[in-house]
Every structure is written in structure tokens, then in C-alpha cells.
Amino acid sequence: MSESTSSTLQYRFDGPEEAPVLILGPSLGTTWHMFDRQVPELAKQWRVLRFDLPGHGGAPAHPAGSVAELATRLLATLDSLGVQRFGYAGCALGGAVGIELALRHPERLASLALVAASPRFGTPDEFRQRGVIVRTNGLDPIARSAPDRWFTGGFAAAQPAITEWAVQMVRTTDPGCYIAACEALAAFDVRPELGRIGVPTLVLVGSEDQVTGPAEARTLVAGIPDARLAVVPGASHLVPVEQPAAVTDLLVRHFSTAWQQPFDTGQTALPAAAAPVTAPGAPAPVAMPTPAPVPAPAAPPRTAPVAEIAAAAEPPRPVAPPDRYETGLKIRREVLGDAHVEGVLARADEFSGDFEELVTRYAWGEVWDRPGLDRKSRSCVTLTALVAGGHLEDLAVHTRAALRNGLTPQEIKEVLLQAAVYCGVPAASGAFRVAQQVIREETTPAE
């Protein structure tokens, strides 16, 4: 295993050094230990590389704000090891990294498995709201609710040690890296691009997954030309943990039959596995406990061998100037939320439609897109201006936006105190009432 830098990822190798490389990518809030039960069997045929997301499992806390950045760091790690071509299996956020690799770097990918993945993970509002909760309350509320999202009720009750392991795994994640990963998932949407994935793909999902369930899996299979679906009975979101034997069997069969090109035996020799190393002061990663005996799962569906499909290179396309309305609409949605923007646009009619277009194009597509201030700073300026003008209805909207843009409740309070001095106490008094209510609503974790 190796320590990482800001441009690489913490990783671990298992398996024979001369074997083809198979990479396992973890889910948000987990560590490479989520694949502990798959490694012994996979390592018989492949050189298995597992990696930790930034700030997870004791990895250095260098936040990555996009799926593309995570893929870039993974490739930099592989380049440093001399690994050019590899198979890849990823769960949830790890699956998103696999999709990114298949779309942007098809020449590197020999075969792909997407576990509990989706071309779009929920809505951007959901993940940005989760970031607000973590920024205000820390990771404890997310950690305590993780077993409900990750496991079926029967498994959680039967495996209390693994349930507690899951809670501690989330609780020891770096909050800033977790928030950045939420932002990455909020911005991830590759639905229009699925048809460009040319690598053989297994889409694997638990039948009881309420996070990215069978419906999302079928969307992937319908969009990817060479994809097969496997639904594992009796499993929820962390299907490799809940039904390890079924997942291992499916992965072995897929990567044994759907490896697009033979392994390049001329690769540089790969490092041997070593004891885990964590960043100074970081919590030590905890291996998954041995599960208590449970009844054997029903046999999963078999995946049929898939044909090899070469990824065709696309010719370069001319770069068009940005459409300021589309840019503005994207930024307006990111800052104010999809629900708010859709409501405003739905209420627009022939009389007000031109005004909404003007606001979207110039306020959001021009001013909010300028590089001179970051979004936190623009939120501070906006809150102050709204207090000065007495626009309390818009203040509520922009208080929510400020939280989404990274301001904490404490920082919003300081902005309003500053406004009280320069805009007047009566104006700030009303602003405090509005902001207090919004902050209470936005930062209270759901029961």
C-alpha cells in the first residue's frame, strides 16, 4: 500500500504480481474494506488494486470536487505504477468513476462492472442538502443513518458488528472530503452519454436497494450498448458486503469472459502489498468484521458472455462559445436548487417570461459566472444587499443558497451582524428572524 498526495489516491495491492490488474472502487463513506470478502477469490486470477477516496479510511484529506477529478487522480496513481490497461469494478460513487473512465479514457479500460450505480444519483438538491447537514452538524447524523441506507433490515439486525463497523467507517471520514464528494455526485449526470460506452459492462444491483435500485440499473443497461444486468436477491445498497458470495461469483464470471484485450505482459512490475499506512493523526482504518453465520442467499442470475466491442475514437469537435442562458440556468439551479428554479420558471408567463430570461442570462450567466469572486463571497454580498433593501422574501431564498454555497450558520450570523451596523438594526432584526427560520429548517437532520 502507498500513501497518497493531492494528485494520487491511497491504494493497496493483493494477488500475484504478474496477473492482469483489476481495480475495485468504493462507495461514498466507505473504505476499501467494503470489498474484503471479494478479494480472496478475485486475487487468484487478478492483481487486485483497491483504493480509498480522499479523506476516507485514513487517506490524506485532499478533497476532490468532481467525479472527473477522482478519475484523474486514479489514473495518475496507475501511471506511477506503470499500469496501462485494467478491469474496473466500482460501487456507487466508485461506479461513477468507472463510467467516467469508460467515457473519457476507453483505451485504458478492458472491462467494467457497475455495482449499485446510476447515470445520475438522485437530484443535485439532495446531495447539496446533505452537504449542508454535514457542514453544520458533522458526520454523526449521516453515520447513524448509514445502515438504513446500506443494508436490509434483516441483515442489520443479524449482523450488529458489521452495522457498527459501517457507522464508524462514516464517522471517521473527513467531513470536507465527504462534502466535496457530495458535490461531485450532485453534478454527475451522464444519461445522454451512455451510448458511447463501448467496454463490456456488468450492471449489478441488490433487489432491495432503495438508494440506486433496479430502476437505475435498468437505465444503465438500456443505455450502454454491451451491458448485462444482474439483480442480487435479498441485498440493499452495499451488496458486496451483504451478499459477498453472490457478488464474487458474478464478478469472477464477468471479468473471466468479458476482458476486451489480453493482458500486456510488458507492463512494469507492480509493487507487492504492504501493511496499511494512514496519514499522521488520521483514524486507523478498521477492517470489516467476520459476519455471523446467515442462511445462504438465493442463487444470483448468471451473466452471459459478452462480445468484445472496440471503442471508436471520436473526431475533435469545434468549441462553440458558451450559451449564457444555459450557463446561467445551470448556475441558478446549483445555487438556488432545482425545486425553486423550476417553480419560478413554471410561474413565468408571456408577461414575466422575458424578465426571467434576463435574470437567468445576465445575473446568473454573466455576473455569478465571473471568476473574480467565489460563490461564498457572492452569497455574503447578496445577503447584505438584500438586508439593505429590505427584501426579506428573497433573503430566505438566498440564505438557503448561502448554506449550499458553503457558508456556515455562524458565518451567516456574522454577515447579518455586519449588516446591522451599516444597514440599520430594524432591517437586520427582520433578517435575523428570516435567516433563523431557514437555518433551522435546512440544518436539522431528518428523523
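Note that these values count all heavy atoms, side chains included, but never hydrogens, waters or copies made by symmetry. Worth saying up front: this structure is predicted, and the values here are computed from it rather than measured.
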Nearest 0.5 angstrom please: [X] [atom1] to [Y] [atom2], how far?
X	Y	atom1	atom2	result
T219	L194	OG1	CG	8.5 Å
T31	W165	OG1	CH2	6.0 Å
D209	E216	CG	CD	7.5 Å
L139	T172	CG	OG1	9.0 Å
R37	L42	CZ	CG	13.5 Å
I224	T201	CD1	OG1	4.5 Å

What heavy-atom pair brings [X] and [Y] nearest, and what distance separates the two atoms?
X	Y	answer
C91	A116	SG-CB, 4.1 Å
A235	Q243	CB-CG, 3.6 Å
L24	V48	CD1-CG1, 3.7 Å
W46	F255	CZ2-CB, 3.4 Å
G195	P225	O-CG, 3.5 Å
A43	P16	O-CD, 2.9 Å

Quick one: do [X] and [Y] make a salt bridge, cutoff under 4.0 Å?
X	Y	result
D125	R333	no
E193	R104	yes
D374	K376	no
D369	R378	no
R73	E69	yes
D249	R253	yes
E356	R332	yes
R404	E442	no
K330	E334	yes

Do you see a donor-acceptor pair shorter than 3.5 Å between the side chains of H254 and S111?
yes

Could you verify whether a donor N or O on one side chain and an acceptor N or O on the other, from Q210 and S236, lie under 3.5 Å apart?
no

Give the intermediate values and the outcome of side chain to side chain contact (heavy atoms under 4.5 Å, CB included) for residues L93 and L70.
CA-CA 10 Å; L93 176 54; L70 287 172; 4.1 Å; yes

Sub-4.5 Å side-chain heavy-atom contact between [X] and [Y]:
X	Y	result
L220	I99	yes
L75	L101	yes
V241	V247	no
Y11	L74	no
T77	V83	no
T408	T136	no
P240	V115	yes
L114	L204	no

Would you say [X]'s side chain and [Y]'s backbone share a donor-acceptor pair under 3.5 angstrom?
X	Y	value
E242	H237	no
R171	D140	no
T30	S27	yes
R361	G328	no
D52	W32	yes
S207	G234	yes
Y88	G94	yes
R196	L103	yes
R375	N405	no
H33	G57	no

Other residues, nucleotides and ligands only: do more than 12 of their heavy atoms fall within 6.0 Å of CZ on R440?
yes

Starting from the C-alpha separation in whole Å, work towards a yes-or-no answer on salt bridge (charged side-chain N to carboxylate O under 4.0 Å, His left out) for D338 and R128.
CA-CA 11 Å; D338 284 337; R128 294 194 173 99; over 6 Å; no

Carefully, step by step, assess E18 and R47 under the rule salt bridge (charged side-chain N to carboxylate O under 4.0 Å, His left out).
CA-CA 7 Å; E18 69 279 2; R47 181 71 159 149; over 6 Å; no

With side chain to side chain contact (heavy atoms under 4.5 Å, CB included) as the test, pick out the partner of R50 among M34, Q10, R12.
R12

Could you go through R228 and V221, starting from their C-alpha distance and side-chain angles, then the distance that decides it, and tell me whether this counts as side chain to side chain contact (heavy atoms under 4.5 Å, CB included)?
CA-CA 6 Å; R228 299 291 184 271; V221 172; over 6 Å; no

Taking the six-membered ring of F188 (Phe, Tyr or Trp), confirm whether the NZ or CZ of R120 is under 6.0 Å from its centre and within 45° of its axis.
no

Evaluate side chain to side chain contact (heavy atoms under 4.5 Å, CB included) for T444 paired with I133, printing each intermediate quantity in order.
CA-CA 7 Å; T444 302; I133 295 294; over 6 Å; no

Which label fits W364 and W368: parallel for a plane angle under 30°, tilted from 30 to 60°, or perpendicular past 60°?
parallel

Anything under 30° is parallel, anything over 60° is perpendicular, the rest tilted; go ahead and classify Y178 against H56.
parallel

Walk me through whether V132 and T443 qualify under side chain to side chain contact (heavy atoms under 4.5 Å, CB included).
CA-CA 6 Å; V132 170; T443 63; 4.0 Å; yes

